[in-house]
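To find a chain, count down the sequence lines: A is the first, B the second, and so on, and within it residues start at 1.
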Amino acid sequence: MKEFFFKIIDKKWQQYWMDYKVFQTGIDSSKPKYYVLDMFPYPSGAGLHVGHPLGYIASDIMARYKRHKGFNVLHPMGFDAFGLPAEQYAIETGTHPAESTQKNINRYKEQLKNIGFSYDWDREISTASSDFYKWTQWLFIRFFNSFYDRIENRAKPISQLIGFFEETGNYTIECPNEEGKKFTSTEWKSFDEETKQAILMDYRLAFSAYSTVNWCEALGTVLANDEVINGLSERGGHPVVKKEMRQWFLRISEYAERLLLGLEKVEFSDSLKEMQRNWIGRSEGAELDFKLDQEQGTIKVFTTRPDTIFGVSFMVLAPEHELVQSITTQEQKQEVEKYLDYVQSRSDRERMTEVKKITGVFTGAFAIHPFTKARIPVWISEYVLAGYGTGAIMSVPSGDDRDYAFAQYFKLPIINIFEGVDLSEEPYINKSFKLINSDFLDGLDYKNGFSIALDKLVKRGIGKRKINYRMRDAGFSRQRYWGEPFPIVYKNDIPYVIDDKELPVTLPDVESYKPTGTGEGPLATIPQWVNRPDGSRRETNTMPGYAGSSWYFLRYMDAHNSLEFAAKDAMQYWNQVDLYVGGAEHAVGHLLYSRMWTKMIYDLKYINFEEPFKKLVNQGMIQGTSKFIYRVKNKENTFVSFNLKNDYEVSPLHIDVNCCDGLELDLDKLKAWRKEYESATFILENGKYICGTQVEKMSKRLNNVVNPDDIVAQYGADAFRLYEMFLGPVELSKPWDTKGIEGVSRFLRKLWRLFYDDHGNLIIHDGEALPSELKILHKTIKKIENDIESLAYNTCVSSFMIAINELQELKCSKREILTPMLILLSSFAPHITEELWEALGNKETIAFFPFPSFNESYLAEDSFKYGISVNGKLRTELTFALNATPDEIQREVLTNEMVIKWLDGKVPKKVIIVPKKVVNVVV
RNA sequence: GCCCGGAUGGCGGAAUCGGUAGACGCGCUGGUCUCAAACACCAGUAACGCAAGUUGUGCCGGUUCGACCCCGGCUCCGGGUACCA
């Protein structure tokens with residue numbers, strides 16, 4: 001007796017795959033490779049809910065499908081194990097983050113294994129294990145020892161730069177730090193170690209610099225921007241000040257252009273590419289010098305509109321601009337000081353929320369217009385940001401919203417430079433115009449005005465073309481415990497990387513995970529770790545969360561290599577990730593950083609590809625369907641069913657969705673869930689309590705979390721997999737509804753009944769397949785092949801259902817049909833297909849059998865049916881031979897009695913034969 | 001404000017090239033089997049209408065013999081982002 005009992009089948013095959021290491025992968029140059037990757041999870045304490053595996057199922061289907069197609073498939077899984085929640089948990093409970101993290105990883109793995117993924121678990125990695133982070137540190141050392149050559153446009157070893165300095169100095173080499181000193185080779189050789197290292201730091205790809213952070217004295221820690229509210233700490237409400245501290249950075253700004261161009265070569269969604277483009281924020285314009293009229297120097301401004309140069313009527317500096325102190329006149333001193341105090345007192349949040357508020361002050365200084373020689377007043381305002389461009393702007397109130405508002409508020413002149421434009425109400429921001437009042441630019445349009453103005457400025461030596469990027473260098477240090485320690489030591493306060501032989505720098509145990517109060521991380525509290533025998537001191541910051549995830553996809557290729565981060569031949573073979581599946585929330589974080597790391601590693605010639613991910617798919621979220629019961633007001637503990645609630649005054653309450661069967665409330669489950677309902681009164685409709693519903697984010701707080709373990713236990717892993725895919729396109733967000741899984745569950749039982757009768761006897765036989773049966777098979781092969789590569793898995797599942805329904809109708813239990821059908825289906829529902837595969841007498845696992853090929857001849861009919869429409873309205877059908885030519889069809893249509901009758905004796909103007917199903921007759 | 005998506009039955013969603021809109025599933029209605037339930041099966045299910053039929057893919061207009069699909073103008077929803085010069 002054999003019946004479909006998924007609990008046994010699931011376990012049996014998951015065990016089989018593990019025991020025989022079915023999905024273990026190695027380099028096999030006889031096969032084409034395919035690399036399918038999931039964004040590895042951060043193992044949180046809450047475990048997985050049904051939303052998490054969506055992407056994993058999608059990628060697993062592709063992995064299994066590609067194996068059928070003869071590819072050597074790399075499909076690994078691992079854990080992004082460093083992170084704040086584990087550290088927070090450690091502060092609260094004293095549990096070592098390594099311990100809680102390992103516990104969570106074990107739980108995640110168990111949940112993942114229940115779903116039957118075809119991962120090569122031998123390649124599992126964890127970013128928090130020293131085997132892994134040794135190489136994160138090793139890569140950091142490479143970046144520290146590299147600089148960006150702007151001529152060749154790639155990173156190179158810093159030793160080459162030093163060689164260059166020794167030979168010729170740095171007059172011909174651009175430095176990322178524009179204020180950097182210029183020196184000759186002789187001067188270079190005369191510098192002391194400290195000066196040399198300071199200069200090199202301006203070039204390194206991984207570098208340290210002083211930068212402002214949010215410092216909270218009372219809490220003794222640095223806070224992230226979102227931990228600061230109205231200038232006070234989110235926790236405790238203590239004052240937060242800006243403080244200069246030494247931080248590590250990655251020089252991602254050097255890669256801005258290549259990160260932008262690289263987007264052309266990868267398959268990411270438009271919206272994701274757009275997000276990255278916006279983040280990089282390239283703007284093309286000019287940097288111009290404005291001389292101050294009292295010989296106090298020049299103000300550099302960045303503008304994207306050199307064409308509006310004659311509209312400049314004032315200039316504005318950021319309050320933090322270095323010239324502010326020196327150019328302020330005696331008369332304005334007090335005003336300016338007052339304003340700077342005011343700005344100091346304003347938090348980022350206030351500045352952000354009160355964007356419309358216009359503030360500013362006149363410095364008393366004037367700049368000289370490069371062409372008209374007019375004296376232009378120089379103002380200070382917080383609407384000009386120190387961090388963007390040069391921290392100073394030329395204001396053209398006629399062509400810019402903010403400049404216009406500022407000019408109106410402070411009664412500054414507005415010069416109209418656009419022909420026929422009325423500026424009394426608003427500025428003219430449009431770029432279609434003819435310039436006036438613009439001397440040599442008069443009559444020009446935007447494009448010509450831009451280039452002619454710029455040419456002239458360049459010729460006069462007071463301007464240059466400049467491309468400006470919004471993206472800042474990436475902060476790379478955190479004052480935290482649970483992260484990778486830096487391979488850095490300080491000698492005489494100068495940072496040096498340690499020798500490779502000393503790697504890994506392992507994370508020591510600490511007494512307390514709390515912040516230290518000095519602005520340093522918890523590592524600073526262990527003197528025996530910080531202070532080294534040679535007198536040097538270790539860096540006590542740790543790397544940020546994105547360090548390990550920026551390169552983990554390379555480690556999978558050779559996960560246990562103890563000599564290299566991954567062997568060259570492995571990286572050569574596996575190459576780019578062919579398909580990367582994960583959430584869009586990483587658009588400007590992980591997905592940008594990992595692209596940058598790949599480019600750096602490429603530049604240093606360890607790999608031969610520049611983009612890590614060839615194709616990226618962002619899976620949508622699975623939302624929860626919250627369920628409500630309705631408490632009757634002024635009546636104790638009484639709840640009324642959904643359709644009767646209008647008769648009462650009620651307030652809705654979230655209840656656990658797992659207490660419901662569809663919309664119907666299971667009172668016993670509800671009472672078991674919360675004791676307070678045991679004594680409650682329920683007003684029923686038709687003997688049932690019906691709940692209200694609402695689609696919301698899936699979250700514990702809303703009691704709408706569904707655990708995949710429960711679904712798998714109730715319906716089996718295959719039904720769960722099929723249902724997640726059936727819900728809709730992978731990329732879309734859609735609500736979870738447990739009830740709907742019945743459909744796919746029914747489908748699996750139907751499939752089973754094609755193999756076994758009610759008594760458990762195998763009814764498969766070797767009878768020759770009929771054309772109608774072959775047609776069903778080949779229609780399905782065609783459809784699946786078409787849809788699977790584009791990840792249209794929802795329509796694939798539909799096709800399977802249609803096929804199995806049709807085969808059931810024909811009572812087709814023929815081996816010839818069902819064998820290929822199983823292979824088609826095995827990527828989606830691997831457990832049941834393995835079981836049935838074995839029932840067919842096969843000894844080996846189904847995973848590597850070739851995908852059945854599609855035979856067009858089985859789809860052919862002996863005739864075509866054409867719909868006949870008159871003036872676009874469909875009237876009837878005519879049947880034609882398969883090989884009928886358009887001429888024959890036309891003749892047939894025109895001589896057909898019915899058609900003539902419709903046309904009321906009128907001769908058709910034209911007959912349009914569309915190569916599909918409709919013939920159109922036009923009167 | 002700006003940028004990017006999207007809008008199709010009660011619900012999730014199909015329609016691959018501009019050619020019979022609503023596949024497939026859920027839900028719902030009626031029925032068969034059953035002492036009953038579960039399972040399974042059958043029929044129906046866009047709206048209006050007894051029917052013939054008419055209207056229907058957010059709204060208005062256009063192109064076309066023919067538009068969910070292409071073009072122009074809106075509305076609403078989702079996401080991203082912001083004194084970025």
Side-chain angles (χ1 to χ4, degrees), chain A residues 269-279 281-283 285 301-305 308 316 318 351-352 354-358 381-385 387-396 399-403 405-406 468-471 584-585 587-588 618 620 625 662-663 693 695 722-723 726-729 731-747 749-750 753 758 782-783 786-787 790 792 794-802 805 808 865-877 908-923:
Chain A
S269 68
D270 289 345
S271 67
L272 197 124
K273 284 187 182 181
E274 202 56 32
M275 266 190 242
Q276 293 209 344
R277 284 195 193 104
N278 287 341
W279 186 260
R282 182 186 202 269
S283 52
V301 300
F302 175 72
T303 179
T304 53
R305 298 291 301 275
T308 61
V316 187
R351 275 179 81 155
M352 264 190 261
E354 298 170 31
V355 163
K356 293 263 150 60
K357 192 168 165 182
I358 298 165
S381 174
E382 58 179 344
Y383 85 84
V384 175
L385 306 175
Y388 183 79
T390 60
I393 60 164
M394 59 177 221
S395 288
V396 183
D400 181 277
D401 273 327
R402 294 148 303 167
D403 295 348
F406 196 82
N468 206 32
Y469 298 94
R470 197 185 75 97
M471 184 169 63
E585 66 273 20
V588 291
N618 295 120
T625 307
L663 294 176
T693 63
V695 174
L722 282 168
Y723 184 51
F726 181 69
L727 276 178
E731 299 91 334
L732 240 63
S733 288
K734 54 244 158 185
W736 176 266
D737 171 22
T738 301
K739 194 84 183 162
I741 200 171
E742 301 279 358
V744 289
S745 181
R746 213 163 281 158
F747 156 76
R749 287 194 295 264
K750 276 185 199 169
R753 285 202 306 272
D758 292 347
K782 187 180 183 189
K783 182 81 175 139
N786 261 344
D787 289 355
S790 55
N794 52 331
T795 53
C796 287
V797 178
S798 297
S799 305
F800 285 130
M801 290 183 174
I802 294 167
N805 275 338
Q808 193 195 34
K865 273 193 177 149
Y866 274 88
I868 308 294
S869 71
V870 177
N871 284 347
K873 291 221 156 106
L874 190 82
R875 292 301 163 104
T876 190
E877 279 184 345
K909 273 188 201 149
K910 52 179 172 176
V911 176
I912 302 155
I913 294 153
V914 200
K916 240 193 167 171
K917 302 178 234 172
V918 176
V919 177
N920 216 318
V921 182
V922 183
V923 183

Novice: Take the protein atom CE of A/M801 and the nucleotide atom C1' of B/G13, then report the distance between them rounded to whole Å.
Specialist: 12 Å
Novice: Tell me whether the side-chain N/O atoms of A/R402 come closer than 4.0 Å to OP1 or OP2 in B/C84.
Specialist: yes
Novice: Searching all strands shown, indicate the nucleotide that pairs with B/C24 (Watson-Crick or G-U wobble; both distances under 3.5 Å).
Specialist: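 Per the H-bond distance test, B/G12.
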Novice: Distance check, P atoms only: B/G61 and B/U55, in whole angstrom units.
Specialist: 16 Å
Novice: In whole angstrom, give me the gap between the C1' atoms of B/U16 and B/G10.
Specialist: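 Those two atoms are separated by 29 Å.
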Novice: Under a 3.5 Å limit for both distances, which nucleotide forms a Watson-Crick or G-U wobble pair with B/C17, could you say?
Specialist: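 Pairing partner, where one exists within any strand: none, as none qualifies.
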Novice: Rounded to whole Å, how long is the line connecting atom CD of A/E731 with atom P of B/G5?
Specialist: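 It works out to 15 Å between those atoms.
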Novice: I'd like the C1' distance from B/A14 over to B/A85, given in whole Å.
Specialist: 49 Å
Novice: Can you identify which nucleotide, out of B/C84, B/C24, B/G80, has its nearest atom closest to the A/F726 side chain?
Specialist: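 Closest of the options to the side chain of A/F726: B/C24.
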Novice: CZ of A/R470 versus P of B/C3: gap in Å, rounded?
Specialist: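 Taking atom P of B/C3 as the reference, CZ of A/R470 is at 16 Å.
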Novice: So what does A/S271 hit on the nucleic acid, given a heavy-atom distance under 4.0 Å: a base, only sugar-phosphate, or nothing?
Specialist: sugar-phosphate
Novice: For the C1' atoms, the ones on B/G58 and on B/G9, what distance do you get once it is rounded to whole angstrom?
Specialist: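 Looking at atom C1' only, B/G58 and B/G9 are 15 Å apart.
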Novice: When the C1' atoms of B/G22 and B/C26 are compared, how many Å lie between them, rounded to an integer?
Specialist: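 The answer is 15 Å between these two C1' atoms.
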Novice: Could you check whether A/D400 gets within reach of a base, just the sugar-phosphate, or nothing at all, counting any heavy atom under 4.0 Å?
Specialist: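 No contact at all - A/D400 keeps every heavy atom at 4.0 Å or more from the nucleic acid.
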Novice: Got a salt bridge between A/D400 and A/R402, using NZ or NE/NH1/NH2 to carboxylate O under 4.0 Å?
Specialist: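 Yes, this pair counts.
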Novice: Using the side-chain heavy atoms of A/M275, tell me which of these nucleotides is nearest: B/A14, B/G80, B/A85.
Specialist: B/G80
Novice: Taking only side-chain N and O atoms of A/N468, does any of them lie within less than 4.0 angstrom of OP1 or OP2 on B/C84?
Specialist: no
Novice: Expressed in angstrom and rounded to an integer, what is the separation of A/I741 atom CD1 from B/G27 atom P?
Specialist: 12 Å
Novice: Nearest nucleotide by nearest heavy atom, which residue falls closer to the 5' end of RNA chain B, A/G389 or A/V744?
Specialist: A/V744
Novice: Contact class for A/L732 (heavy atom, under 4.0 Å): base, sugar-phosphate, or nothing?
Specialist: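 Here A/L732 touches the backbone only, sparing every base.
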Novice: Would you indicate which nucleotide in B/A85, B/A14, B/G12 comes nearest to any side-chain atom of A/V384?
Specialist: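 The closest nucleotide is B/A85.
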Novice: Rounding to an integer number of Å, can you tell me how far A/K739 NZ sits from B/G25 P?
Specialist: 16 Å
Novice: Counting only Watson-Crick or G-U wobble pairs whose two distances fall under 3.5 Å, which nucleotide matches B/A7?
Specialist: B/U75
Novice: Expressed in angstrom and rounded to an integer, what is the separation of A/K750 atom NZ from B/C41 atom P?
Specialist: 5 Å
Novice: Does a side-chain N or O from A/N618 land closer than 4.0 Å to OP1 or OP2 of B/G79, or not?
Specialist: no
Novice: Taking all non-hydrogen atoms of both residues, which atom of A/V384 and which atom of A/A318 are closest, and how far apart?
Specialist: O-CB, 3.3 Å
Novice: May I ask you to verify if any side-chain N or O of A/R753 is less than 4.0 angstrom from the OP1 or OP2 atom of B/C41?
Specialist: yes
Novice: To the nearest Å, how far apart are A/E274 CD and B/G79 P?
Specialist: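 In whole Å, B/G79 P and A/E274 CD are 18 Å from each other.
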Novice: Given the C1' atoms of B/A21 and B/G13, what is the spacing between them in whole Å?
Specialist: 13 Å
Novice: Taking all atoms of both residues into account, what is the closest heavy-atom pair of A/L272 and A/A587, and its distance?
Specialist: CD1-CB, 3.8 Å
Novice: Looking at B/A40, which nucleotide sits across from it as a Watson-Crick or G-U wobble partner, both distances under 3.5 angstrom, or is there none?
Specialist: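 Paired with B/U32.
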Novice: Both distances below 3.5 Å, Watson-Crick or wobble geometry, any strand: find the nucleotide opposite B/C70.
Specialist: B/G62
Novice: Indicate, with a heavy-atom threshold strictly under 4.0 Å, whether A/N805 touches base, sugar-phosphate, or nothing.
Specialist: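 Here A/N805 touches the backbone only, sparing every base.
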Novice: Report the residue (A/E742 or A/K734) whose heavy-atom-nearest nucleotide on RNA chain B is the more 5′ of the two.
Specialist: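 Checking each residue's closest nucleotide, the 5'-ward one belongs to A/K734.
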Novice: Locate the shortest heavy-atom distance separating A/V301 from A/T390; write the atom from each residue and the value.
Specialist: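 Nearest pair, atom of A/V301 first, then A/T390: CA-OG1, 3.3 Å.
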Novice: In whole Å, what separates the P atom of B/G80 from that of B/G44?
Specialist: 46 Å
Novice: What pair of heavy atoms forms the shortest contact from A/S381 to A/V316, and how long is it?
Specialist: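 In terms of heavy atoms, the two residues are closest at N-CG1, 3.5 Å.
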Novice: Which of the following nucleotides, B/G12, B/C39, B/A85, is nearest to the side chain of A/R749?
Specialist: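 Nearest nucleotide to the side chain: B/C39.
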Novice: Would you call B/G9 syn or anti, using the 90° rule around 0?
Specialist: syn
Novice: Measure from the side-chain N and O atoms of A/D787 to the backbone N and O of A/T795, and report whether any donor-acceptor pair falls under 3.5 Å.
Specialist: no
Novice: Could you tell me whether the phosphate oxygens of B/C26, OP1 or OP2, come under 4.0 Å of any side-chain nitrogen or oxygen in A/R746?
Specialist: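 True: A/R746 side-chain N/O within range (under 4.0 Å) of B/C26 OP1/OP2.
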Novice: Which nucleotide, in any strand shown, forms a Watson-Crick or G-U wobble pair with B/A46, with both distances under 3.5 Å?
Specialist: B/U55
Novice: Using atom CG of A/D787 as one end and atom P of B/G13 as the other, report the distance to the nearest whole Å.
Specialist: 17 Å
Novice: Taking syn as a glycosidic torsion within 90° of 0 and anything else as anti, which one is B/C11?
Specialist: anti
Novice: Watson-Crick or G-U wobble partner for B/G1, using a 3.5 Å limit on both distances?
Specialist: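 Pairing partner, where one exists within any strand: B/U81.
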Novice: Counting only side-chain heavy atoms from C-beta out, which of B/A85, B/U16, B/A14 sits nearest to A/P729?
Specialist: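 That would be B/A14.
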Novice: Just to be sure I understand the rule, does A/S790 reach a base, reach only the sugar-phosphate, or reach nothing, if contact means heavy atoms closer than 4.0 Å?
Specialist: nothing
Novice: With a 6.0 Å cut-off on ring centres, are A/Y723 and A/W736 close enough?
Specialist: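 When the ring centroids of A/Y723 and A/W736 are compared, they turn out to be within the sub-6.0 Å range.
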Novice: Establish whether the base of B/U16 is bridged to the side chain of A/K782 by a donor-acceptor pair shorter than 3.5 Å.
Specialist: no
Novice: Taking all heavy atoms of A/M275 and all of A/V588, pick out the closest pair and write down the distance.
Specialist: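 Heavy-atom minimum between the residues: O-CG1, 3.7 Å.
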Novice: How far, in whole Å, is B/U34 from B/A46 if one measures between their C1' atoms?
Specialist: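 My reading of the C1' atoms in B/A46 and B/U34 gives 35 Å.
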Novice: Is a donor on one side and an acceptor on the other found under 3.5 Å between the side chain of A/K734 and the backbone of A/G620?
Specialist: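 Not at all, since once roles are kept as given, no pair shorter than 3.5 Å links the two residues.
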